[in-house]
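Numbering of residues begins at 1 and proceeds along the displayed sequence.
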Amino acid sequence: MEPCRARLGNVDDAGPLREPAAVTLAVVPEAVVDVDAATDYTEVTMTEETEDNQPAVAAHQAGGFLGGTSPGRILSGAAIGLLALSVVVTAKRLWDKSSTVQAKRLRQIQKNKLLVTELSKFLPDKRFKLKPGVIGRLRKTTGFNEGEVFRKFMWYLLRVRKFDADAVADLVALEAAAELSDLQVADAIAERAQRVNDKYGPLMLNAQEAGFSASSLERKATCKALFQKLLYLSECEQLVAQGSEAAGRINLRVIFGASELDVSHLRIVSLFDVDLEAAWTRPQEVTDDEADEEPPHLKDNPPRRSA
């Protein structure tokens with residue numbers, strides 16, 4: 001115990017050693033001041049950051065309200081439902097617009113124009129390059145089958161191009177490229193004849209004596225010219241073998257109500273000395289029954305007539 005007292009006594013006797021305690025007490029307030037200053041700076045910084053981020057904080061709070069409370073979930077669901085309803089209504093309007101008769105007719109006309117444009121790249125100048133692959137690609141593009149491709153291009157030839165040896169040779173080349181049978185060609189000719197009769201009425205050779213108006217006379221003249229062309233195609237050995245079952249399917253006399261005398265009178269003997277273009281004094285009007293058969297507009301795509 002004595003050594004302990006001695007050490008304590010030595011400490012007590014050392015008067016000057018108590019002064020640092022006073023110094024330490026003097027330093028403490030400065031540390032406190034520094035801490036207070038740091039706290040104030042932190043509070044000011046946090047306040048400034050909070051003010052700068054008020055929109056983000058508000059959005060976060062709003063999101064928390066919408067997602068975390070019952071009224072918020074109701075409002076959020078209502079907003080999503082309204083957006084979905086708006087999308088459905090817009091889609092329905094677009095569908096209705098694209099499904100109208102006029103919209104379908106315009107799409108059909110565009111496909112017909114595309115068909116004629118693509119085939120005209122080969123017919124008549126590059127007829128030898130028209131192969132089944134070309135027809136196959138055209139079918140995929142337009143959605144037409146091979147019979148429709150033939151029938152629609154035939155209608156273009158009948159109405160727009162000059163009906164001559166080149167026109168017939170083009171149809172023969174198209175028949176081969178589309179790999180059509182005589183029966184398919186016969187059906188295409190018979191169907192076209194029926195459409196012509198539905199549009200222009202029965203064949204009349206003496207329409208002028210019947211007292212028709214000028215417009216009616218023009219329609220009957222057009223009917224007569226189309227009948228002559230269809231009759232020539234139906235009797236063309238290169239398209240349909242005569243005396244075959246296919247040839248028997250094309251009965252133009254029955255379709256047009258013509259007599260044997262009418263047929264004999266209107267039969268084309270040679271394409272070199274016949275002029276059927278006199279009937280086409282102006283572009284024919286397109287009605288609803290032939291809206292899907294309109295050829296390219298003459299002003300936009302003037303047809304190339306063979307010499």
Side-chain angles (χ1 to χ4, degrees), residues 105-106 108-124 127 138 142 144 147-175 178 185-204 207 214-236 239 250 252 255-256 258 266 268 271 274-307:
R105 177 178 180 273
L106 291 177
Q108 189 74 15
I109 290 173
Q110 291 301 319
K111 290 195 296 183
N112 291 340
K113 288 183 177 181
L114 176 62
L115 183 145
V116 170
T117 300
E118 291 300 316
L119 289 178
S120 295
K121 294 178 181 179
F122 301 90
L123 303 173
R127 190 181 301 139
L138 189 58
T142 60
F144 300 143
E148 290 174 327
V149 170
F150 181 87
R151 178 171 58 82
K152 290 174 181 293
F153 192 76
M154 178 179 65
W155 182 231
Y156 164 73
L157 290 181
L158 293 175
R159 294 189 66 194
V160 179
R161 275 184 48 182
K162 182 178 181 180
F163 193 74
D164 55 8
D166 272 341
V168 176
D170 285 349
L171 286 180
V172 173
L174 181 57
E175 176 188 10
V185 174
D187 289 342
I189 295 175
E191 182 180 356
R192 173 48 54 202
Q194 186 61 58
R195 291 190 179 215
V196 170
N197 179 75
D198 293 342
K199 178 176 175 62
Y200 297 103
L203 182 67
M204 294 186 65
S215 59
S216 297
L217 288 175
E218 183 178 348
R219 289 172 62 85
K220 291 303 179 182
T222 300
C223 179
K224 183 176 72 172
L226 289 172
F227 175 84
Q228 289 180 277
K229 295 176 182 181
L230 288 168
L231 179 63
Y232 186 89
L233 295 179
S234 68
E235 295 178 347
C236 178
L239 288 173
I250 312 173
L252 297 186
I255 294 175
F256 285 93
L266 296 176
I268 300 173
L271 291 176
V274 65
D275 183 13
L276 300 177
E277 312 308 319
W280 307 93
T281 56
R282 64 180 181 181
Q284 300 299 302
E285 77 172 316
V286 178
T287 55
D288 291 338
D289 61 321
E290 283 189 338
D292 63 330
E293 302 297 335
E294 183 183 25
H297 198 281
L298 298 181
K299 293 182 179 180
D300 297 336
N301 300 295
R304 179 175 64 253
R305 296 182 180 274
S306 304

Asker: Between Arg161 and Asp166, is there a salt bridge with N-O shorter than 4.0 Å?
Answerer: no
Asker: Checking Glu118 now: which residues fulfil side chain to side chain donor-acceptor pair (under 3.5 Å) with it, not counting sequence neighbours?
Answerer: Lys121
Asker: How many angstroms lie between atom OG of Ser215 and atom NZ of Lys220, to the nearest 0.5 angstrom?
Answerer: 11.5 Å
Asker: Given side chains that start at C-beta, do those of Arg105 and Ile109 come closer than 4.5 Å, heavy atoms only?
Answerer: yes
Asker: Would you name the heavy atoms of Ala165 and Leu271 that are closest together and state the gap between them?
Answerer: N-CD1, 3.7 Å
Asker: How many angstroms lie between atom CG of Leu217 and atom CE of Met204, to the nearest 0.5 angstrom?
Answerer: 9.5 Å
Asker: Taking the side chain as every heavy atom from C-beta outward, state whether Val116 and Val160 have any atom pair closer than 4.5 Å.
Answerer: no
Asker: Distance from Leu231 atom CG to Ile268 atom CD1, nearest 0.5 Å?
Answerer: 7.5 Å
Asker: With heavy-atom distances below 4.5 Å as the criterion, would you say the side chains of Leu226 and Trp155 are in contact?
Answerer: yes
Asker: If I take atom CD from residue Glu148 and atom CG from residue Asn112, how far apart are they, to the nearest 0.5 angstrom?
Answerer: 9.5 Å
Asker: Nearest heavy-atom pair of Ala193 and Leu252: which atoms, and what distance?
Answerer: CB-CD2, 3.5 Å
Asker: Once rounded to the nearest 0.5 Å, what's the spacing between atom CG of Leu158 and atom CG of Leu171?
Answerer: 7.5 Å
Asker: List in chain and number order the residues that pass side chain to side chain donor-acceptor pair (under 3.5 Å) with Asn197, two or more places apart in sequence or in another chain; answer none if no residue qualifies.
Answerer: none
Asker: Going by ring-ring contact (aromatic ring centres under 6.0 Å, His included), name the residues that satisfy it together with Phe227, two or more places apart in sequence or in a different chain.
Answerer: Phe256
Asker: Taking side chain to side chain donor-acceptor pair (under 3.5 Å) as the test, write out the residues that go with Gln110, two or more places apart.
Answerer: none
Asker: Under 4.5 Å between any side-chain heavy atoms of Leu157 and Phe163, yes or no?
Answerer: no
Asker: Residues in salt bridge (charged side-chain N to carboxylate O under 4.0 Å, His left out) with Glu191, at least two apart?
Answerer: Arg151, Arg195
Asker: Ignoring hydrogens, what is the shortest heavy-atom contact between Cys223 and Pro202? Give both atom names and the distance.
Answerer: SG-O, 4.3 Å
Asker: Do Leu230 and Ile250 have side chains that get closer than 4.5 Å, going by heavy atoms?
Answerer: no
Asker: Quick one: ring-ring contact (aromatic ring centres under 6.0 Å, His included) partners of Phe153, sequence neighbours excluded?
Answerer: Tyr156
Asker: What is the distance from atom CE of Met154 to atom CG of Leu174, rounded to the nearest 0.5 Å?
Answerer: 10.0 Å
